[in-house]
Amino acid sequence: MINKLITKIQKTNAPIVVGLDPMLDYVPEHIRKRAFAEFGETLQGAGEAIWQYNKEIVDTVHDLIPAVKPQIAMYEQFGLEGLKAFKRTVDYCKEKDLVVIGDIKRGDIGSTSEAYAVGHIGKVQVGSKSYAPFDEDFITVNPYLGTDGIKPFVDVCKEEKKGLFILVKTSNKSSGEFQDRLIDGKPLYEYVGEKVAEWGADCMGDSYSYIGAVVGATYPEMGKVLRKVMPKSFILVPGYGAQGGKASDLLPYFNEDGLGAIINSSRGIIAAYKMEKYQKFGEEAFADASRQAVVDMIEDINQALNK
């Protein structure tokens, strides 16, 4: 799957991923009214509204981008109806030939990690049949339980030719409380990066590993160090745009081949119509505002990369 992601990035000339992280108040009023008219102001109505919202955005931007990243918590808040919308979104994006990164941040040990891995990127056996329940292409994983928590995911990746993005240095303000702690003079995130490189060494695609990392755009100096620590790992970079990361901050995350990183933007794209810059589109044309935000993001990043 890492080979497909790279091919899609090269074809679109867009090293970006759109985060499909819908809050109900992002959804334009006309979509909410339509969903509530059919299903009432219920969890089912909420699930329908966010599904229709996602679908219109995907229909409008899919030709510009290589990948999407639905954040499962935004769907889980609506219970089973939200998870149905998550699954519909995953399936629809794959129909559009987009790479799907399930932002699930799971991490446990033994059979629990194996169950998470099977449910999201593997197949579960039911009698004589097997099923791919959520069927994302990549998922995000929390490594802080150590190798016991990661190995079951890696094993499924090898079997299914899918991938992981492992949290190494996150973009939130308090990440340093643990991740920056010095151990024998070296920060914890660097040790985690070394383990990512180790775990990924025997999971190689043509030029990059199936096992990538999450490193926030808000810490470019740390990104420069981690890029050297993990030369064959793709880096998923959150924090661009709404969280304060600038295009100029992104250079350290890329390798000399112009690859090695994929930059995420979520509300800066899916809720672009709410931003002053894109208000001219209006609420009814929210997806057109999202498309323009994608075009602007691609141009911004490629200018910084001198492409």
Side-chain angles (χ1 to χ4, degrees), residues 1-10 15 17 66-67 69 99-125 130 132 134-170 179 183 186-215 222-237 252-262:
M1 192 51 65
I2 188 64
N3 294 339
K4 178 177 180 178
L5 178 61
I6 291 169
T7 298
K8 294 280 292 181
I9 289 171
Q10 291 172 323
V17 53
K69 183 179 71 64
V99 174
V100 177
I101 301 169
D103 194 356
I104 67 170
K105 295 185 178 71
R106 298 296 196 260
D108 213 306
I109 56 172
S111 59
T112 312
S113 268
E114 184 179 347
Y116 280 138
V118 164
H120 283 277
I121 52 173
K123 293 184 177 68
V124 66
Q125 197 70 28
S130 64
F134 285 108
D135 201 26
E136 301 104 303
D137 299 310
F138 290 81
I139 52 173
T140 58
V141 179
N142 190 324
Y144 284 92
L145 278 80
T147 299
D148 288 349
I150 295 297
K151 187 177 183 300
F153 290 101
V154 173
D155 290 345
V156 172
C157 282
K158 288 179 181 178
E159 185 176 342
E160 301 292 337
K161 299 294 189 288
K162 293 193 174 184
L164 306 177
F165 286 104
I166 297 173
L167 303 181
V168 174
K169 175 59 183 171
T170 56
Q179 296 168 23
I183 304 169
K186 192 161 61 176
L188 177 59
Y189 65 76
E190 199 168 327
Y191 285 99
V192 178
E194 289 171 356
K195 291 301 290 186
V196 169
E198 178 187 321
W199 291 323
D202 63 346
C203 299
M204 288 296 297
D206 291 342
S207 54
Y208 284 89
S209 173
Y210 305 160
I211 312 303
V214 178
V215 182
M222 298 173 186
K224 186 184 299 184
V225 171
L226 289 166
R227 177 71 284 168
K228 293 176 181 176
V229 170
M230 306 177 292
K232 296 297 184 182
S233 296
F234 238 77
I235 299 177
L236 170 63
V237 186
Y253 300 85
F254 290 85
N255 279 319
E256 291 182 3
D257 59 6
L259 297 169
I262 186 164

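All values below were derived from every heavy atom in this structure, side-chain atoms included, with hydrogens, water molecules and symmetry-related copies excluded. Throughout, residue positions are numbered sequentially from 1 according to the sequence presented.
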Donor-acceptor pair, side chain of [X] and main chain of [Y], under 3.5 angstrom:
X      : Y      : answer
Ser209 : Cys203 : yes
Gln179 : Thr170 : yes
Arg106 : His120 : no
Ser113 : Asp108 : yes
Tyr116 : Ile104 : no
Asn3   : Asp206 : yes

Go through Ile121 and Cys157 one step at a time and tell me if the side-chain contact (heavy atoms from CB on, under 4.5 Å) criterion holds.
CA-CA 7 Å; Ile121 52 173; Cys157 282; 3.7 Å; yes

Go through the steps to decide whether Lys162 and Asp135 satisfy the test side-chain contact (heavy atoms from CB on, under 4.5 Å), and finish with yes or no.
CA-CA 10 Å; Lys162 293 193 174 184; Asp135 201 26; 2.6 Å; yes

So how far is it from [X] [atom1] to [Y] [atom2], rounded to the nearest 0.5 Å?
X      : Y      : atom1 : atom2 : value
Met230 : Glu190 : CE    : CD    : 10.0 Å
Leu236 : Asp103 : CG    : CG    : 7.5 Å
Ile166 : Ser233 : CD1   : OG    : 8.0 Å
Lys123 : Glu160 : NZ    : CD    : 3.5 Å
Glu194 : Glu198 : CD    : CD    : 9.0 Å
Gln10  : Asp257 : CD    : CG    : 8.5 Å

For Ser207, check side chain to side chain contact (heavy atoms under 4.5 Å, CB included) against everything at least two apart and list the hits.
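So Ser207 forms a side chain to side chain contact (heavy atoms under 4.5 Å, CB included) with Ile6.
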
Residues that Asp202 engages under salt bridge (charged side-chain N to carboxylate O under 4.0 Å, His left out), provided they are two or more places apart
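Salt bridge (charged side-chain N to carboxylate O under 4.0 Å, His left out) list for Asp202, sorted by chain: Lys158.
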
Could you check Val214, Val192, Val196 and say which one makes a side chain to side chain contact (heavy atoms under 4.5 Å, CB included) with Leu167?
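Among the candidates, only Val214 passes.
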
Can you tell which of Val17, Val100, Ile262 makes a side chain to side chain contact (heavy atoms under 4.5 Å, CB included) with Lys69?
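Single side chain to side chain contact (heavy atoms under 4.5 Å, CB included) partner of Lys69 among Val17, Val100, Ile262: Val17.
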
Test ring pair (Phe, Tyr, Trp, His ring centres under 6.0 Å) applied to Phe138 and Tyr210, Phe165, Phe234, the passing residue:
Phe165

What residues form a side-chain hydrogen bond (donor to acceptor under 3.5 Å, both in side chains) with Thr147, not counting sequence neighbours?
Trp199

